[in-house]
Amino acid sequence: MLQRINAHYVNGQWRTIAAPDWHTLVNPADGEAYACVARADAGLVNDAVSAASHAFPAWSALSFSQRAEYLAAFIQQLQQRRDELVEAVVSELGAPLWFAREVHVDDPLDAFAKHLDYAKVLQNEQLQLDARLKLRKEAVGVCALITPWNYPLHQIIAKLAPALLAGCTVVLKPAELTPKTALCVAMAADAAGLPPGVFNLVLGSGSQIGDILSTHADIDCVSFTGSTEIGRHIQQQAAATVKRVCLELGGKSAFLISPTEQLSAAVKLGVEDVMANSGQTCTALSRMLVHHSQYAEAVAIAAAHANSLTVGEPHQDGVFLGPLISAAQYQSVQRYIDIGLTEGAELVAGGAEPVAGLGAGYYLRPTVFANVHNQMQIAREEIFGPVLCILPYQDEADALRIANDSPYGLSGRVWADDAATAQQLAAGIRAGLIFINAAPWHNAAPFGGYKQSGNGRELGLKGVEEYLELKAIVDEGAA
Ligand code: TAP
């Protein structure tokens with residue numbers, strides 16, 4: 001018997017749907033259905049928007065520091081649910097347990113906590129520019145937050161924390177594949193005592209209820225993370241009511257390795273970056289660019305390292321890659337591997353075959369293609385799976401040309417033995433977030449894309465600005 005989840009959080013209350021349309025949740029680790037989730041209907045979505053609209057005047061009238069007090073309680077409630085959140089991510093997404101703890105849960109909780117510091121900065125930002133001119137930053141209004149499944153808690157926190165701090169009220173619509181993480185967030189919001197209507201959660205299908213949110217006259221802003229295709233659709237839908245639309249979309253990021261004495265460290269880092277989360281990472285460095293003089297060596301290192309990474313059941317020790325999230329995602333990545341072979345790329349590790357001994361889960365081995373050129377489909381399109389393409393280049397100008405020859409511009413990494421070259425290459429890549437050498441993720445770095453990777457920024461102080469309007473108040477001045 002499947003567990004039945006019929007819970008939406010609207011106006012500070014848990015709501016059910018009377019005769020729901022059910023969505024079935026499947027465990028990606030074994031392909032077995034384990035729960036079904038009641039989809040919100042249009043009436044419930046409209047109730048959620050109405051609750052957020054009614055809550056907006058009082059919430060936005062609080063000071064940043066008053067809202068930060070609520071956020072501190074919210075963070076505490078999330079921290080108390082750490083184990084629940086980890087288990088939700090493992091069961092919904094198939095993330096290995098260690099990765100779920102460190103990356104999927106602890107990281108976004110840290111990012112949320114940083115907003116308490118931003119509150120202090122923003123508190124002092126109501127600027128009196130001269131005797132007559134004052135600037136105020138005010139909340140945009142009611143926001144629809146639409147999030148994807150690949151880093152479920154990260155994506156929710158990256159929108160929810162800045163929106164609430166800015167004084168916005170929200171309706172969250174998470175991906176249908178990851179409702180449990182979102183429910184856990186709603187329980188934390190409830191326990192933290194947020195005023196009714198400030199935070200609302202509706203679970204349901206984006207294709208059925210997404211348009212209600214993006215066209216609703218009482219929604220002032222839609223913040224969306226997901227595929228470029230759906231982002232484009234939301235922007236079109238939102239145009240009629242001239243909403244603010246923040247889009248965090250896909251990527252095909254380049255890792256530009258200049259000739260280096262640390263080739264092995266660089267290549268291994270690049271392989272792990274792509275294979276983490278089974279490749280379902282929007283910033284994945286899925287195109288590795290290597291100088292022709294070190295190309296053959298880099299390919300050999302990448303293949304050996306990919307083959308050394310363990311694929312397995314998420315709860316097992318030592319597992320680096322769990323399954324892909326769904327049968328659809330699994331088949332989509334298999335299709336891309338077949339396309340790579342048809343295009344003439346050389347498969348040096350992995351492949352499209354099911355992984356032996358892992359039953360009916362959606363597992364793929366870390367896959368590496370060599371002899372890839374940048375016009376191949378596997379080099380241009382986001383595969384969103386554990387597939388790395390390695391491309392050779394002739395010189396720095398050629399490397400930057402290849403890196404920038406992409407419809408996307410989300411992220412990138414450069415590796416160079418001297419700091420000046422690294423900075424120069426970082427400046428040359430047209431993308432929103434560039435890492436140098438082995439630099440790790442930074443929870444306060446504004447995050448977002450150039451070109452078709454989107455048009456907004458999340459995280460850091462800049463992420464809060466996405467949810468703020470600027471008001472200029474001009475006085476008569478002294479008589
Ligand atoms: P999408 O299919 O685009 O779905 C993202 C969200 O949009 C889900 O909540 C989805 O709901 C909803 N949605 C679907 N149709 C909609 C509609 N017509 N109107 C409004 N919302 C709608 O993406 P995904 O498959 O979850 O995630 C993978 C993609 O997201 C990749 O391309 C990846 O690069 C991108 N991504 C980008 C970033 C950043 S920060 N740039 C981060 C993570 C992922 P349902 O789940 O119900 O379909």
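First listed ligand is number 1; within each ligand, the first listed atom is number 1.
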- Would you verify that at least one protein heavy atom lies under 4.0 Å from atom 34 (O) of ligand 1, or report that none does? yes

Of all the atoms in ligand 1, which lie at a distance below 4.0 Å from a heavy atom belonging to [X]?
{"X": "N150", "result": "43 (C), 44 (C)"}
{"X": "H233", "result": "18 (N)"}
{"X": "P174", "result": "9 (O)"}
{"X": "I234", "result": "19 (N), 20 (C), 21 (N)"}
{"X": "S205", "result": "47 (O)"}
{"X": "P148", "result": "26 (O), 27 (O), 43 (C), 44 (C)"}
{"X": "L410", "result": "41 (N)"}

- Task: Is it possible for you to check whether R67 lies under 6.0 Å from the centre of the six-membered ring of F64, through NZ or CZ, and within 45° of that ring's axis?
- Result: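 Yes, a cation-pi geometry holds between R67 and F64.
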
So do [Y] and [X] actually touch side chain to side chain, heavy atoms under 4.5 Å?
{"X": "I402", "Y": "R287", "answer": "yes"}
{"X": "S91", "Y": "K180", "answer": "yes"}
{"X": "L285", "Y": "F435", "answer": "no"}
{"X": "I230", "Y": "I146", "answer": "no"}

Is ligand 1 less than 4.0 angstrom away from at least one heavy atom of [X]?
{"X": "G454", "value": "no"}
{"X": "G204", "value": "yes"}
{"X": "S214", "value": "no"}

- Message: Between E92 and T181, is there a side-chain donor-acceptor contact under 3.5 Å, judged purely by atom types and distance?
- Response: yes

- Does a donor on one side chain and an acceptor on the other come within less than 3.5 Å for Y408 and S253? no

[X] versus [Y], closest heavy-atom pair with distance:
{"X": "Q280", "Y": "I325", "answer": "OE1-N, 3.0 Å"}
{"X": "A186", "Y": "W14", "answer": "CB-CH2, 3.6 Å"}
{"X": "A119", "Y": "L165", "answer": "CB-CD1, 3.6 Å"}

Under 4.0 Å from ligand 1, counting heavy atoms only, is it the side chain of [X], its backbone, both or neither?
{"X": "T147", "value": "backbone"}
{"X": "Q155", "value": "side chain"}
{"X": "L249", "value": "backbone"}
{"X": "T225", "value": "both"}
{"X": "Y151", "value": "neither"}
{"X": "S207", "value": "backbone"}

- Message: Using a 6.0 Å cut-off, check whether atom CD of Q375 has over 12 heavy atoms from anything other than its own residue.
- Response: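 Yes - once you tally the heavy atoms of other residues, nucleotides and ligands closer than 6.0 Å, there are more than 12.
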
- Message: Any nitrogen or oxygen of S453, side chain or backbone, less than 3.5 Å from one on ligand 1?
- Response: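 No; the residue has no nitrogen or oxygen that sits under 3.5 Å from a nitrogen or oxygen of the ligand.
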
- Message: Pairs of nitrogen or oxygen atoms closer than 3.5 Å, one from E382 and one from ligand 1: do any exist?
- Response: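 N/O-N/O distance under 3.5 Å: yes.
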
- Filtering G251, G210, P152 for the heavy atom nearest atom 19 (N) of ligand 1 leaves G210

- Query: Nearest heavy atom to atom 29 (C) of ligand 1: which of S227, P179, A182, A158 does it belong to?
  - Reply: S227

Protein residue, atom and distance nearest to [atom], heavy-atom basis:
{"atom": "atom 10 (C) of ligand 1", "result": "K173 NZ, 3.9 Å"}
{"atom": "atom 7 (O) of ligand 1", "result": "F224 CE1, 3.1 Å"}
{"atom": "atom 24 (P) of ligand 1", "result": "W149 NE1, 3.4 Å"}
{"atom": "atom 46 (O) of ligand 1", "result": "E176 N, 2.8 Å"}
{"atom": "atom 12 (C) of ligand 1", "result": "I146 CG2, 3.7 Å"}
{"atom": "atom 28 (C) of ligand 1", "result": "F384 CE2, 3.4 Å"}
{"atom": "atom 17 (C) of ligand 1", "result": "G206 O, 3.3 Å"}
{"atom": "atom 40 (S) of ligand 1", "result": "F447 CE2, 3.0 Å"}

- Starting from the C-alpha separation in whole Å, work towards a yes-or-no answer on ring pair (Phe, Tyr, Trp, His ring centres under 6.0 Å) for W441 and F447. CA-CA 11 Å; W441 180 257; F447 174 66; 5.5 Å; yes

- Item | Value rounded to 0.5 Å, distance of CG in L160 from NE2 in H115 |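 Rounded to the nearest 0.5 Å, the CG-NE2 separation comes out at 9.5 Å.
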
- Query: Does N27 use its side chain to pair, donor to acceptor, with the backbone of A29 at less than 3.5 Å?
  - Reply: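 The answer is yes, because a donor-acceptor pair under 3.5 Å joins these two groups.
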
- R244 side-chain N/O to C143 backbone N/O, donor-acceptor pair under 3.5 Å: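 No: the side chain of R244 does not pair with the backbone of C143.
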
- Task: Identify the residue among W149, F99, W98 that makes a ring pair (Phe, Tyr, Trp, His ring centres under 6.0 Å) with H104.
- Result: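 Only one option passes, and that is F99.
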
- Please lay out, stage by stage, how T147 and K159 fare under the test side-chain hydrogen bond (donor to acceptor under 3.5 Å, both in side chains). CA-CA 9 Å; T147 56; K159 299 185 189 307; over 6 Å; no

